[in-house]
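Please read the structure below before turning to the comments.
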Amino acid sequence: MNASHASTPHAGHYYVPQPSLYPVFLSGGMFLLALGFILLMNKFAPGPWVMTAGAAVIIFVLFRWFGAVIGENQRGAYSDWEDQSFRQGMIWFIGSEVMFFAAFFAALFYCRTISVPALAGMDPLFTLYQGYSGGWPTSGPKGASFTPMGAWGIPAINTALLLTSGVTLTWAHWGLMKDKRSQLNLGLILTVLLGVIFLGFQAYEYHHAYTELGLTMGAGVYGATFFMLTGFHGFHVTLGAIMLAVVAGRSLSGHFDSKRHFAFEAVAWYWHFVDVVWLLLFVVIYWL
């Protein structure tokens, strides 16, 4: 079974690849990853090894599977039918990501504007929270003290970095549409570099929060929502930087032209979505 088998598309026909075992292997890798995590949480020694094996299988399958799709595209197996299908799939994927972050923003809204003030408004004669003011940021009625993360240090720098990366990616897109390979390649490389610098600053910010500010995952509702939202965003930046690096490598290999470049556009959509989410995070988490 070989997913890389391709034939020249005929007009009006949708390309259908040969049956493949990649989905089976990917499911097995995800199972091992989840199993290893469960073992790790329950302090079983094989947990980390099982997780590593699962992650290795997933990375291997994704590398081979996406490589097969790229090979099919380069051999001309895809037509406008497949291009439309890929675009619709990416739109639905980004839509699911919008709802993913919407759920976490909603949790923050509920905690900050409903549950925290409600605790402060309870009659202290019938609660354990006597003297609790309910201000924000808070670690809760019985939480440890901490210093909230300021907006105008590293977060402001990271905002500038991501906004600049959106500009360099758009500049690369212009180069692609005008068939200017040097502009396309340079714009992609700069975008990847800015994303990596962003992640480096975020890692430093987390270290600073834990070692100097007392801001940890255990710092009550503020700490939990802070790391939940910024951590998931950092994970998405990591995925976006990896995808941009792959696209940059393909571009340096001569892939893409002004007519057919779905992979570039899909990653660009994703990266701009990540930029917008960060702007919301900066305002809601750091600034307000």
Side-chain angles (χ1 to χ4, degrees), residues 3 6 9 11-17 20 22-23 26-27 30 58 61-107 162-163 165-178 184 187-188 191-192 194-195 198 229 231-251 255-284:
H13 291 273
Y14 193 89
Y15 172 77
V16 179
S20 171
Y22 288 145
L26 183 60
S27 298
M30 295 175 68
I58 292 172
V61 171
L62 291 178
F63 181 82
R64 294 297 301 272
W65 202 350
F66 280 103
V69 174
I70 292 171
E72 290 167 353
N73 178 64
Q74 291 301 108
R75 288 192 297 272
Y78 300 152
S79 63
D80 290 340
W81 288 82
E82 291 78 20
D83 186 75
Q84 293 177 16
S85 177
F86 289 153
R87 291 175 185 276
Q88 292 171 6
M90 192 64 189
I91 289 171
W92 281 109
F93 170 70
I94 293 178
S96 71
E97 292 288 274
V98 170
M99 300 311 297
F100 177 86
F101 277 101
F104 291 124
F105 276 111
L162 278 189
L163 289 177
S165 73
V167 173
T168 57
L169 186 57
T170 301
W171 184 65
H173 195 181
W174 290 347
L176 174 60
M177 299 307 295
K178 296 177 181 178
L184 168 63
L188 283 170
T191 305
V192 173
L194 289 168
F198 173 93
L229 281 162
F232 273 121
H233 179 268
F235 174 72
H236 282 72
V237 172
T238 302
L239 291 180
I242 292 173
M243 291 190 291
L244 281 169
V246 172
V247 169
R250 290 187 60 189
S251 177
H255 296 194
F256 311 126
D257 57 44
S258 59
K259 301 297 182 182
R260 302 189 66 84
H261 49 264
F262 164 74
F264 176 93
E265 285 193 337
V267 176
W269 295 347
Y270 183 86
W271 192 256
H272 290 312
F273 162 74
V274 170
D275 286 352
V276 171
V277 172
W278 176 258
L279 289 177
L280 293 175
L281 283 174
F282 178 74
V283 173
V284 175

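Just so you know, these numbers use all the heavy atoms, side chains as well, and skip hydrogens, waters and symmetry mates.
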For a quick test of reading the model, state the closest non-hydrogen atom pair linking [X] to [Y] and the distance between them.
X	Y	value
Leu188	Ala172	N-CB, 3.9 Å
Gly195	Trp271	CA-CH2, 3.9 Å
Gly166	Asp275	CA-OD2, 3.6 Å

Whether the side chain of Ser165 engages the backbone of Leu162 through a donor-acceptor N/O pair (distance < 3.5 Å, no angle test) should be reported.
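Yes; at least one donor-acceptor contact below 3.5 Å.
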Spacing of [X] atom [atom1] and [Y] atom [atom2] [to the nearest 0.5 Å]:
X	Y	atom1	atom2	value
Phe105	Leu229	CZ	CG	5.5 Å
Leu169	Trp269	CG	CH2	13.0 Å
Ile94	Phe100	CD1	CZ	15.0 Å
Phe282	Leu163	CZ	CG	9.5 Å
Ile58	Trp65	CD1	CH2	12.0 Å
Trp171	Leu184	CH2	CG	9.5 Å

Is the gap between the ring centers of [X] and [Y] under 6.0 Å?
X	Y	value
Phe264	His255	no
His233	Phe198	yes
Phe104	Phe232	yes

By side chain to side chain donor-acceptor pair (under 3.5 Å), which residues pair with His173, not counting sequence neighbours?
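In terms of side chain to side chain donor-acceptor pair (under 3.5 Å), with neighbours along the sequence ignored, His173 is linked to no residue.
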Side chains of Glu97 and Val274, heavy atoms from C-beta outward: is any pair under 4.5 Å?
no
Is the closest side-chain heavy-atom distance between Leu62 and Tyr22 below 4.5 Å?
no
Is the number of heavy atoms from other residues, nucleotides or ligands under 6.0 Å of Arg64 CZ greater than 12?
no
Exceeds 12 heavy-atom contacts within 6.0 angstrom, atom CZ of Phe235:
no
Looking just at side-chain N and O atoms, do Thr168 and Thr191 make a donor-acceptor pair shorter than 3.5 Å?
yes
With sequence neighbours excluded, residues passing side-chain contact (heavy atoms from CB on, under 4.5 Å) with Val267:
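If we apply the side-chain contact (heavy atoms from CB on, under 4.5 Å) test to Val267, skipping adjacent residues, the hits are Met243, Leu244, Val247.
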Can you name the residues that form a salt bridge (charged side-chain N to carboxylate O under 4.0 Å, His left out) with Glu265, not counting sequence neighbours?
Arg87
Quick one: do Phe273 and His236 satisfy ring-ring contact (aromatic ring centres under 6.0 Å, His included)? Show the steps, please.
CA-CA 10 Å; Phe273 162 74; His236 282 72; 7.0 Å; no
